[in-house]
Number of protein chains: 2
Amino acid sequence: MIKHRAIRDALLGRIVSGEWAPGRVIPGEVDLAREFGCTRATVARALRELVAAGLVERRRRGGTRVLGRSGRDAVVTIPIVREEIEAAGHAYGYERLTVREADPPEPIRQAFGLRPGAAAVHVACLHRADGRPAQVEDRWINAAAVPAVRTQDFRTVSPNEWLVRAVPYTRARHEFRAERPTDRLRGLLDLAPDEWVFVVERRTWREDAGITVAHLYNPADRFRITTRDPVAFGVDPGAG
Amino acid sequence: MIKHRAIRDALLGRIVSGEWAPGRVIPGEVDLAREFGCTRATVARALRELVAAGLVERRRRGGTRVLGRSGRDAVVTIPIVREEIEAAGHAYGYERLTVREADPPEPIRQAFGLRPGAAAVHVACLHRADGRPAQVEDRWINAAAVPAVRTQDFRTVSPNEWLVRAVPYTRARHEFRAERPTDRLRGLLDLAPDEWVFVVERRTWREDAGITVAHLYNPADRFRITTRDPVAFGVDPGAG
DNA sequence: CAGCGTAATATGTATAAGCATATTGTCCAG
DNA sequence: CTGGACAATATGCTTATACATATTACGCTG
């Protein structure tokens, strides 16, 4: 019985049913307010949510127009190995392979916006599920942006978990692809002879400073990523 | 100089700077209203946006609490082959391989919620970039939910493009994974001897009725998916 | 008829005020 | 000391009102 939500859902219904087709200008706030027996403010709030959901577009004097939903956006939750492994009921195992402070390769250097010669920290580690290799994490961390990284040996805590606690970030980008494994990866991940790896590349920034570039290598035979719909109306979508 | 936006950004700053750490309960609406020299309603609107952005959580009597941003959500735009190919400056080519009305395999039948024996339409087709195979599309369409599909031969218009025009959907789910190609796929896509395929599986529903299940097979050597950050504050984020 | 200025209009922002409702904390009874 | 009733409190919802602002439409002028 929450009015703005009832109104929002009623309008949503008219849009998805096709009664109000894309391109159409829907009635104005005052008309809707009269129809639903409420004030303009309440209608405005319902419409604001439809805007946030990407269903309509509003312009002063121009009115509210239904958008043709491209509908191609989806949300992915970037999986964290440890959580995935534990959620599946397996024992999580962590092993640090190498840590070193070094001159990062060119692409990483550019991503961090560092001058040549500036140092960064490289960490490689292995995540296991019930002892079986599940993921190789290969990561560069910008020592200029995260000085504390120099004092970390990552022997017991994985770079991933350390970073989320120690360094807030403001932007992240990911790339998903499949690759031929290197011999080293094939051995570490115990891959089938012809098996490829599913790579998740993760880059994060704090403001404009690059923080980390990670390559997460997963056995392609036992890895996948799933999406869900973009949440249309925030946390509590009501009955809609 | 829009107050609710200025307030929202001010609060955002305190959160991302760490001044208000995750778990902390921030001042109440009345206090903030006094601080910013406005009414409770204006503060409430700013806070509502922070909730939508997933930065804070609000509970009656409990106050407003800063959330530790897991920050693992990202948005993917499911690529449409034709657009990708044309955007890359290549000539797009389309070729229908097969169409038939048939009893769908068990997993598809379940996804559509169909009784055994109910019919569905299967379409396979090939998308090319400058003549070179770029994607094989293998799709089942629920004939019960989309009767018009029976009259389509998909000779010139791809099932994808026909569907977006003909059938609005309300839900979609995707899965990304890498697979060994079948011999048929290897031939169709002109794959390297050891090359795998990157599979995008797409399922859509209208309300509770399954509409289509599509498998989009891409040469793994030349395919990837990228994400972007979830838009924090809708279309017009202001200065934030 | 082209171009410009102005009025009409729909949304955008904000205030003030009241009641609703979930939740927490407290205090009393057993 | 436990459990339940109750009051205090912060958010949640709605109304009524006023002014701001972008944009469109119209009509006047040259």
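The sequence lines fix the lettering, A, B, ..., with proteins before strands; numbering per chain opens at 1.
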Any idea which heavy atoms bring B:Trp20 and B:Leu32 closest together, and the distance?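 B:Trp20 and B:Leu32 have their closest heavy atoms at CH2-CD2, 4.4 Å.
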Residues A:Asp229 and B:Thr170: closest non-hydrogen pair is OD2-O, 4.1 Å
In whole angstroms, how far is the [atom2] atom of [N] from the [atom1] atom of [X]?
| X | N | atom1 | atom2 | result |
| --- | --- | --- | --- | --- |
| A:Leu32 | C:dT9 | CG | C1' | 16 Å |
| B:Arg45 | C:dG12 | CZ | P | 8 Å |
| A:Arg48 | D:dT14 | CZ | P | 12 Å |
| B:Met1 | C:dA14 | CE | C1' | 11 Å |

Would you indicate which nucleotide in [options] comes nearest to any side-chain atom of [X]?
| X | options | result |
| --- | --- | --- |
| B:Cys38 | D:dC13, D:dT15, C:dT15 | C:dT15 |
| B:His4 | D:dT14, C:dT15, C:dT13 | C:dT13 |
| A:Glu29 | C:dT11, D:dT14, C:dA14 | C:dT11 |

Exactly one of B:Arg58, B:Arg24, B:Glu57, B:Glu29 clears side chain to side chain donor-acceptor pair (under 3.5 Å) with B:Thr64, and that residue is B:Arg58
Keeping the roles fixed (side chain from A:Lys3, backbone from A:Gly37), state whether a donor-acceptor pair exists under 3.5 Å. yes
**Flag, side chain of A:Thr227 to backbone of B:His174, donor-acceptor distance under 3.5 Å** = yes
Nucleotide by nucleotide, nucleotides 17-27 of chain C touches protein heavy atoms under 4.0 Å in the pattern (B base, S sugar-phosphate only, - none) ----BBBB---
When you measure from the side-chain N and O atoms of [X] to the phosphate of [N], is any distance below 4.0 Å, counting only OP1 and OP2?
| X | N | answer |
| --- | --- | --- |
| A:Thr64 | C:dT11 | yes |
| A:Thr39 | D:dT17 | no |
| A:Thr42 | D:dC13 | no |

| Can you find a side-chain donor-acceptor pair between B:His215 and B:Asp138 that sits under 3.5 Å? |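 There is no such pair (donor and acceptor under 3.5 Å, judged by atom type) between the side chains of B:His215 and B:Asp138.
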message: Reading DNA chain D from 5' onward, which residue's closest nucleotide shows up sooner: B:Ile26 or A:Ile2?
response: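 Closer to the 5' end of DNA chain D: B:Ile26.
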